[in-house]
Amino acid sequence: MSAEYEYARIHRDVVMCHGKANVNACTFCGGTATDWAYNWRDSKQREADGRVWSESTAYYIPLCRTDHKLFDAAYRRVGLAGLDAEVERLKPLAWARLTDERREVEAQQRTRQFEINEAVIAANEERVFARHETRQAKLREEAAARAKREAERAMTQESTLHGFFPGILVPADESARLLADEAFRAYAAWCEREAFPARFRMGRSTFYRVLAEHGVERRKTSEGVTFFGIALI
């Protein structure tokens, strides 16, 4: 990232964390601040392309443009070692630049601006929250749709037997007998209740074959095709 980008980013972060400078009084003159000024106190400050900044928002103070320029010039003139003394010299001069009446008027203006900003922030938060909730609902719908598609892709006709056998249809002793037609009609009704897509429901012959693959004996009797060793519950 370029120094210009990093410099602009930290100033955006300061505004995000502490609000706009113009709702604060200038630290020097007491009028309305215009800038968040780096206070030159961070031992880990960054320097590049003629710019100096701190990565921490804790090292910024509200200043008007005039005092911001005077403060930076003082640092360049005396360095950090002499900065405190220079600030003590500059502050009375800055304070004398404005009248008490002007400071009071600007303080009232800042209060009104602060109230407006708070109302705007609250409205923005509601809109952001509403957009977030809408987005989350959409994501949940998309996730559910993906899960459904994946389940359908994983589904085969044979897999629709799971839950029916064993489940509705269960192994029984060898003497148990169940007409194949009755078993198939029970399977078809179960598929309907489970809302399986039609393309995944087994036809009669496939149903008989799959049960045979699961070891269910099937014979033709006087009553019709009959399964042995299973029962409906």
Side-chain angles (χ1 to χ4, degrees), residues 1-140:
M1 297 293 180
S2 68
E4 182 179 2
Y5 174 86
E6 292 292 335
Y7 185 83
R9 179 190 59 77
I10 187 58
H11 280 79
R12 288 196 298 271
D13 289 348
V14 175
V15 172
M16 185 177 296
C17 293
H18 304 296
K20 292 183 177 181
N22 64 5
V23 296
N24 296 275
C26 173
T27 303
F28 282 21
C29 70
T32 297
T34 55
D35 305 331
W36 284 106
Y38 172 46
N39 69 3
W40 305 100
R41 309 287 178 171
D42 187 359
S43 60
K44 299 178 181 179
Q45 67 184 24
R46 298 276 305 279
E47 297 184 47
D49 297 342
R51 299 178 184 273
V52 183
W53 68 95
S54 168
E55 291 288 335
S56 170
T57 63
Y59 291 97
Y60 291 82
I61 58 175
L63 292 176
C64 67
R65 186 62 48 82
T66 297
D67 289 325
H68 189 175
K69 291 179 179 179
L70 290 171
F71 181 55
D72 287 351
Y75 174 80
R76 287 191 291 270
R77 187 169 59 253
V78 302
L80 185 59
L83 188 58
D84 285 342
E86 191 66 5
V87 166
E88 290 304 310
R89 185 185 70 83
L90 290 173
K91 277 187 174 181
L93 298 175
W95 195 265
R97 199 171 61 241
L98 300 183
T99 64
D100 289 341
E101 181 180 7
R102 179 173 172 180
R103 274 187 284 270
E104 183 179 350
V105 169
E106 291 189 2
Q108 293 172 354
Q109 292 172 340
R110 288 195 302 274
T111 298
R112 287 195 295 271
Q113 186 62 49
F114 178 80
E115 292 171 351
I116 292 171
N117 289 351
E118 288 295 292
V120 170
I121 289 171
N124 286 340
E125 285 178 344
E126 288 183 7
R127 285 195 292 270
V128 169
F129 179 76
R131 285 199 301 268
H132 175 74
E133 286 299 297
T134 300
R135 176 60 177 163
Q136 290 302 308
K138 185 176 180 180
L139 289 174
R140 287 193 293 270

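As the structure is a computational prediction, the values presented were derived from the model and not from experiment.
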Enquirer: Calculate, to the nearest 0.5 Å, the distance between atoms CD and CG belonging to Glu55 and Asp42 respectively.
Expert: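 So the CD of Glu55 and the CG of Asp42 are separated by 9.0 Å.
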Enquirer: Would you give the length of the straight line joining atom CD of Glu104 to atom OG1 of Thr99, rounded to the nearest 0.5 angstrom?
Expert: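 Separation between the atoms: 9.5 Å.
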Enquirer: Report the residues that fulfil side-chain hydrogen bond (donor to acceptor under 3.5 Å, both in side chains) with Glu47, sequence neighbours left out, ordered by chain and then residue number.
Expert: Gln45
Enquirer: Would you tabulate the side-chain donor-acceptor contacts of residues 13-22 under 3.5 Å, counting partners in other chains and residues two or more places apart, or write 'none'?
Expert:
residue	atom	partner	partner atom	Å
Asp13	OD2	Arg9	NH1	2.9
His18	NE2	Thr57	O	3.4
His18	NE2	Thr57	OG1	3.4

Enquirer: Could you note down all residue pairs passing salt bridge (Lys or Arg N to Asp or Glu O under 4.0 Å) where residues 22-31 supplies at least one of them, sequence neighbours left out?
Expert: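 The answer is none; no pair qualifies.
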Enquirer: Sequence neighbours left out, what pairs pass salt bridge (Lys or Arg N to Asp or Glu O under 4.0 Å) with at least one residue falling in residues 76-88?
Expert: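 Checked against salt bridge (Lys or Arg N to Asp or Glu O under 4.0 Å) - neighbours excluded - the pairs reaching residues 76-88 are Arg41-Asp84, Arg77-Glu86, Glu86-Arg89.
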Enquirer: Please report the shortest heavy-atom distance between Ala25 and Gly30, naming the atom on each side.
Expert: CB-O, 3.9 Å
Enquirer: What is the minimum heavy-atom distance between Cys29 and Ala94, and which atoms define it?
Expert: CB-O, 3.4 Å
Enquirer: Would Asp67 and Lys91 count as a salt bridge (charged side-chain N to carboxylate O under 4.0 Å, His left out) here? Give the steps.
Expert: CA-CA 9 Å; Asp67 289 325; Lys91 277 187 174 181; over 6 Å; no
Enquirer: Under the side-chain hydrogen bond (donor to acceptor under 3.5 Å, both in side chains) test, which residues partner Asp72, sequence neighbours left out?
Expert: Trp40, His68
Enquirer: Taking side-chain hydrogen bond (donor to acceptor under 3.5 Å, both in side chains) as the test, write out the residues that go with Arg140, two or more places apart.
Expert: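 Counting only residues at least two positions away or on another chain, Arg140 forms no side-chain hydrogen bond (donor to acceptor under 3.5 Å, both in side chains).
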Enquirer: Quick one: closest heavy-atom pair of Tyr38 and Val52, and the distance?
Expert: CE2-CG1, 3.9 Å
